[in-house]
Engineer: 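Have a look at this one.
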Amino acid sequence: MDYLQGLNPNQKLAVTTTEGPLLVIAGAGSGKTRVLTTRIAYLIRERQVPPYRIAAVTFTNKAAQEMRERLHALIGPSAEQVAMGTFHSLCVRILRSEVAYSAYQPNFQIFDQTEQLALIREVCRELNLDPKRIPPKALLASISKAKDELITPEEYPAAGGDFWEQTVAKVYGKYQQKLVQNNALDFDDLIMVVVRMFQQHPQIKNKYQERFEHILVDEYQDTNRAQYELVHILAQRTGNICVVGDEDQSIYAFRGADIRNILEFEKDFPGAQVVKLEENYRSTQNILGAANSVISNNTERKAKQLWTKRDPGEKAVFYQGDNERGEARFVADTIRRLQKERGWSYRDFTILYRTHALSRVLEEEFMRSGVPYRIVAGLRFYERKEIKDLLAYLRLINNPHSDLSFVRVVNTPKRGIGASTIARLSAYAQEFGISLFEALSYLDGIDGLSPRFVKALRGFKNLIDSLCEQSGELDLTELVQAVLEQSGYLAELQAEGDEEAQIRMENLQEFLSLTKQFETEGSAADLGALLEYVALISDVDTYDAEANAVSMMTVHASKGLEFPVVFIVGLEEGIFPHARSTFEEGQVEEERRLMYVAMTRAQERLFLTCAQQRTLYGATRPNAVSSFVREIDGQYLEEQGSSFMSVQRILPPTAPKPGVSPDAYQVGDKVEHKVWGRGMVVSVSDSGGDLLLSIAFPGKGIKKVMAHLAPITKV
């Protein structure tokens, strides 16, 4: 049991408490991955639980891969038998095995967001819905939310609902029909279909309840209703469920994550044991003190206080630039200075922001000053046109019933097959209830097709038929090469001969690197497995920690990562916290959790920056310093280049005119204006004995008013 050595007492308790429900509250940087993997090793080695009787689920492929590598180091090859992966990959495995109990065929595919939107747009055209009035993305978001809550098209509240709900209900029903016709599922289906299968087929539910004697769930604070139901069903028989998470890091409410799942775990599982991991191994005490003083203002949390045995370290630094360019110069100058003084590499620095819109000025400053940088979660490799085209070919080979894949590549490269030809083909396919590819077998029966188009379509059918045959004989890399060469795709790029075409060819070559790696490392290196891998990969999975450049990303994208030096930029009211958080219940606490996540990414140094005025989205306006900065205990914070903190903390306010007390209005107060409606106070300052208020009104911008004159009342 030497692998238990080095665990602190609470970590050891979390590892060795193996019977019944267990909630592990794991603060940022408290070693939760080590606890999870050591717990699995303990179950196998000391409790004699067969590896295949254990299921461990998390949210990203990167996290799952790290867990598997650590477990392999602890127990060797038997780690491969543990059902370990993301929620989606676990459900794909179950669905592949039990597909006979679903509405799908064994070679079903997984649609990504681009394909989902294309399907939604197709439904909108058929229902004569104006995409300008009813945005397809909004429709898809509503459908996704319904699936997260396990609401089927039949259960969606159309009757008695408002116009939007009635519209979503119509679109949802047709969208789901088309998914089934394409033998495809979207991401939300993967979990919902498995949960429904368990509910409707007790023998399948019993099979997996017996199979998985122990359930472990990472990042439990991020689970939605469907994921919650899935793990609860699996754990019903034995009650051996261990969930690990931190409600202070619940930042995905916009994706359907429900913080109540972790806060009410003890209610869901009476008698559950609770272990808190509060010792931090990542950050200095000054960074932790600053983060603790911010998050302690939240009410939806369990009491805990992160601490460390490390040295206190340097205080967090606050800097307020005159404008966004001054802020960017401070960031670039500080990076260059610390690189020289401390010997840090560019990869040791990261810039975190609430929204990607803040990156432009930073990028310009970095280019001017010669600081190498890269944007994380920008245009992903798998979202590039040439890669999407190649994947569409591969999906069509894997599943010839995929109409979306067919439409994408039937004229790529150009074969003279236009929209009118596809429309005639589509009408015929719909009339006889067959796929577009199947319709190619009946071209003589389709009215209005000239011999030239018939020849082109037959040529395309022969190409796909041939590639389907070859897919059973060639390995993945050879198959991809065959697709690129036999389709004419590569020849068309070579004929273009410009720099963009060269970059596209290089990207396609990089895809061959992926297939070679997949053949070497994948346990099931077939085409279906490759397409699943690509469909399930995420932005964080593509993050390369070795690239020697300053990384820039949103705070959401930084979850699970850590860096020696972190800059959190744009810390102004209306930016971080986001302006819309003021008008939605519970959103300020979500924004505060986001700030806490950002702060706890830092290992050695933490810099907090803002601007007195900023040009953003085409408008220049003064901004109040973020309320989150003001929540930081002064003992953990040091100022550089700004007098804001000293003015804010030391100078007493000048008495305003009679009738308005000095503390009548505070930043964050909600007010009602007779003309502009509801708004939020974003700054308060003295102005000739009166209070000058800057108030943000949704859709109307920021208005400045005198407190004693304006027709406003507190809400």
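Throughout, numbering of the chain's residues begins at 1 and tracks the sequence.
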Engineer: Using only heavy-atom distances, determine whether the side chains of Thr223 and Asn261 contain a donor-acceptor pair under 3.5 Å.
Structural biologist: yes
Engineer: Is there a donor-acceptor contact under 3.5 Å from the side chain of Arg121 to the main chain of Pro136?
Structural biologist: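 Between the backbone of Pro136 and the side chain of Arg121 there is no qualifying donor-acceptor contact (under 3.5 Å).
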Engineer: Return the CE to CG distance between Met505 and Leu508, rounded to the nearest 0.5 Å.
Structural biologist: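 The CE atom of Met505 sits 9.0 Å away from the CG atom of Leu508.
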Engineer: Has Asn411 got a side-chain atom pairing as donor or acceptor with Arg415's backbone, closer than 3.5 angstrom?
Structural biologist: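 Yes; judged by distance alone, with no hydrogens or angles, the pair exists.
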Engineer: Short question: side chain of Asp403, backbone of Ser435 - any donor-acceptor pair under 3.5 Å?
Structural biologist: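 Between the backbone of Ser435 and the side chain of Asp403 there is no qualifying donor-acceptor contact (under 3.5 Å).
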Engineer: For the backbone of Ala63 and the side chain of Thr60, can you confirm whether one donor and one acceptor N or O come within less than 3.5 Å of each other?
Structural biologist: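 Judged by distance alone, yes, a pair lies under 3.5 Å.
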Engineer: Judged by atom type as modelled, is there a donor-acceptor pair below 3.5 Å linking the side chain of Asn399 to the main-chain atoms of Asn182?
Structural biologist: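 Yes; judged by distance alone, with no hydrogens or angles, the pair exists.
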Engineer: Using 0.5 Å steps for rounding, measure from the CD atom of Glu80 to the CG atom of Leu71.
Structural biologist: 9.0 Å
Engineer: Provide the closest heavy-atom pair for Leu527 versus Leu394 in the form atom of the first, atom of the second, distance.
Structural biologist: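 Scanning both residues, the minimum pair turns out to be CD2-O, 3.6 Å.
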Engineer: When you check the side-chain N and O atoms of Lys147 and Gln176, is any donor under 3.5 Å from an acceptor?
Structural biologist: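 Judged by distance alone, the side chains do pair up.
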Engineer: Decide yes or no on salt bridge (charged side-chain N to carboxylate O under 4.0 Å, His left out) for Glu115 and Arg408, but give the supporting numbers first.
Structural biologist: CA-CA 10 Å; Glu115 291 159 325; Arg408 184 174 184 102; over 6 Å; no
Engineer: Where the side chain of Gln227 meets the backbone of Asn224, is there a donor-acceptor pair that is under 3.5 Å apart?
Structural biologist: yes
Engineer: Between Phe111 and Asp189, is there a side-chain heavy-atom distance shorter than 4.5 Å?
Structural biologist: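 Not touching, per the 4.5 Å side-chain cut-off.
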Engineer: Whether Asp258 and Arg225 form a salt bridge (side-chain N of Lys/Arg under 4.0 Å from carboxylate O of Asp/Glu) is what I want to check.
Structural biologist: no
Engineer: Could you tell me which non-hydrogen atom of Gln200 sits nearest to which non-hydrogen atom of Pro202, and how far apart they are?
Structural biologist: O-CD, 3.6 Å
Engineer: What I'd like to find out is whether the side chain of Tyr428 reaches to under 4.5 Å of the side chain of Asp447, using heavy atoms alone.
Structural biologist: no
Engineer: What I want to find out is whether Glu126 reaches Lys174 closely enough, with some N-O distance under 4.0 Å, to be called a salt bridge.
Structural biologist: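 Lys174 and Glu126: salt-bridged.
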Engineer: Enter the distance from Leu396:CG to Ile464:CD1 here, rounded to the nearest 0.5 Å.
Structural biologist: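 Here the interatomic distance stands at 4.5 Å.
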Engineer: Has Glu155 got a side-chain atom pairing as donor or acceptor with Thr152's backbone, closer than 3.5 angstrom?
Structural biologist: yes
Engineer: Holding to side chain to side chain donor-acceptor pair (under 3.5 Å), I want the full list of residues that pass it with Thr33, two or more places apart in sequence or in another chain.
Structural biologist: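 Thr33: no side chain to side chain donor-acceptor pair (under 3.5 Å) contacts found.
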Engineer: Any side-chain heavy atom of Cys91 within less than 4.5 Å of one from Leu230?
Structural biologist: yes
Engineer: Evaluate salt bridge (charged side-chain N to carboxylate O under 4.0 Å, His left out) for Asp444 paired with Arg458, printing each intermediate quantity in order.
Structural biologist: CA-CA 11 Å; Asp444 292 335; Arg458 280 195 177 133; 3.0 Å; yes
Engineer: Can you tell me which residue pairs pass the salt bridge (charged side-chain N to carboxylate O under 4.0 Å, His left out) test with a partner in residues 207-218, sequence neighbours excluded?
Structural biologist: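 Passing the test, one end in residues 207-218: Lys32-Asp218, Arg53-Glu213, Glu98-Lys207.
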Engineer: Which label fits Phe437 and Phe406: parallel for a plane angle under 30°, tilted from 30 to 60°, or perpendicular past 60°?
Structural biologist: perpendicular
Engineer: Identify the heavy atoms of Cys124 and Leu139 that sit nearest to each other, and give their distance.
Structural biologist: SG-CD1, 3.5 Å
Engineer: Taking atom CG of Asp130 as the centre, report whether more than 12 heavy atoms of other residues, nucleotides or ligands fall under 6.0 Å from it.
Structural biologist: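 Counting neighbours around CG of Asp130, more than 12 heavy atoms of other residues, nucleotides or ligands fall under 6.0 Å, so yes.
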Engineer: With rounding to the nearest 0.5 angstrom, report the CG to CG distance, Leu476 to Leu531.
Structural biologist: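 The CG atom of Leu531 is 9.0 Å from CG of Leu476, to the nearest 0.5 Å.
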Engineer: Going through the checks in order, is the side-chain contact (heavy atoms from CB on, under 4.5 Å) test met by Phe511 and Leu391?
Structural biologist: CA-CA 10 Å; Phe511 193 91; Leu391 286 170; 3.9 Å; yes
Engineer: Taking all atoms of both residues into account, what is the closest heavy-atom pair of Lys385 and Tyr489, and its distance?
Structural biologist: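 Taking Lys385 first and Tyr489 second, the nearest heavy atoms are NZ-OH, 4.0 Å.
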Engineer: Closer than 3.5 angstrom, by distance alone: can the side chain of Arg68 be matched with the main-chain N or O of Met84 as a donor-acceptor pair?
Structural biologist: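 Pair found, side chain donor or acceptor close to backbone of Met84.
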Engineer: Going by heavy atoms in the side chains, are Leu479 and Thr515 under 4.5 Å from each other?
Structural biologist: no
Engineer: So Gln116 and Tyr175, side-chain contact (heavy atoms from CB on, under 4.5 Å) or not? Walk me through it.
Structural biologist: CA-CA 9 Å; Gln116 293 169 42; Tyr175 168 74; 3.4 Å; yes
Engineer: Can we say Asp188 and Lys145 salt-bridge, meaning some charged N sits less than 4.0 Å from an Asp/Glu carboxylate O?
Structural biologist: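 Lys145 and Asp188: not salt-bridged.
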Engineer: Decide side-chain hydrogen bond (donor to acceptor under 3.5 Å, both in side chains) for Gln221 and Glu219; before the verdict, give the C-alpha distance in whole Å, the side-chain angles of both, and the deciding distance to 0.1 Å.
Structural biologist: CA-CA 5 Å; Gln221 77 279 350; Glu219 304 285 8; 2.7 Å; yes
Engineer: Does atom NZ of Lys178 have more than 12 heavy-atom neighbours from other groups under 6.0 Å away?
Structural biologist: yes
Engineer: Between Phe187 and His88, what is the ring plane arrangement, given parallel below 30°, perpendicular above 60°, and tilted in between?
Structural biologist: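 The rings of Phe187 and His88 stand perpendicular, inter-plane angle above 60°.
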Engineer: Is any side-chain heavy atom of Val410 closer than 4.5 Å to one of Leu457?
Structural biologist: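 Counting from C-beta outward, Leu457 and Val410 do come under 4.5 Å.
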Engineer: Aromatic rings Phe198 and Tyr208: how do their planes relate, parallel, tilted or perpendicular, breaks at 30° and 60°?
Structural biologist: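 Tilted.
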Engineer: Going by atom types only, do Gln109 and Ser402 share a side-chain donor-acceptor pair under 3.5 Å?
Structural biologist: yes
Engineer: Does any donor atom in the side chain of Gln65 or Glu69 lie under 3.5 Å from an acceptor atom in the other side chain?
Structural biologist: yes
Engineer: Should Phe108 and Arg96 count as side-chain neighbours, where that means a heavy-atom distance under 4.5 Å?
Structural biologist: yes
Engineer: How far does CD1 of Ile375 sit from OG1 of Thr554, to the nearest 0.5 angstrom?
Structural biologist: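 OG1 of Thr554 is found 10.5 Å from CD1 of Ile375.
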Engineer: Between the side chain of Thr167 and the main-chain N/O of Phe163, is any donor-acceptor distance below 3.5 Å?
Structural biologist: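 Between the backbone of Phe163 and the side chain of Thr167 there is a qualifying donor-acceptor contact (under 3.5 Å).
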Engineer: Return the minimal non-hydrogen interatomic distance between Ala55 and Phe212, and the atom names on each side.
Structural biologist: CB-CD2, 3.6 Å
Engineer: How far apart are the closest heavy atoms of Val231 and Val217, and which atoms are they?
Structural biologist: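 Heavy atoms only, the tightest pair is CG1-CG2, 3.7 Å.
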Engineer: Are the side chains of Trp164 and Ser142 in touch, meaning some heavy atoms are under 4.5 Å apart?
Structural biologist: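 They are in side-chain contact.
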Engineer: Do the side chain of Arg196 and the main chain of Leu150 share a donor and acceptor less than 3.5 angstrom apart?
Structural biologist: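 Between the backbone of Leu150 and the side chain of Arg196 there is a qualifying donor-acceptor contact (under 3.5 Å).
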Engineer: OG/Ser97 to CD1/Ile204 distance, rounded to the nearest 0.5 angstrom?
Structural biologist: 9.5 Å
Engineer: Does the pair Leu90 and Val194 meet the rule for a side-chain contact (heavy atoms from CB on, under 4.5 Å), with working shown?
Structural biologist: CA-CA 10 Å; Leu90 176 68; Val194 170; over 6 Å; no
Engineer: Using side-chain contact (heavy atoms from CB on, under 4.5 Å), reason through Arg70 and Ile40 one step at a time and then give a plain yes or no.
Structural biologist: CA-CA 11 Å; Arg70 291 199 191 191; Ile40 297 171; over 6 Å; no
Engineer: I'd like to know whether NZ of Lys455 has more than 12 heavy-atom contacts from other residues, nucleotides or ligands below 6.0 angstrom.
Structural biologist: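 Not more than 12 within 6.0 Å, no.
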Engineer: Consider only side-chain N and O atoms of Glu478 and Gln470, and report whether a donor and an acceptor are under 3.5 Å apart.
Structural biologist: no
Engineer: Do Gln199 and Lys205 have side chains that approach each other closer than 4.5 Å (heavy atoms only, starting at C-beta)?
Structural biologist: no
Engineer: Taking only residues two or more places apart in sequence or in another chain, which ones pass side chain to side chain donor-acceptor pair (under 3.5 Å) with Asp112?
Structural biologist: Lys388
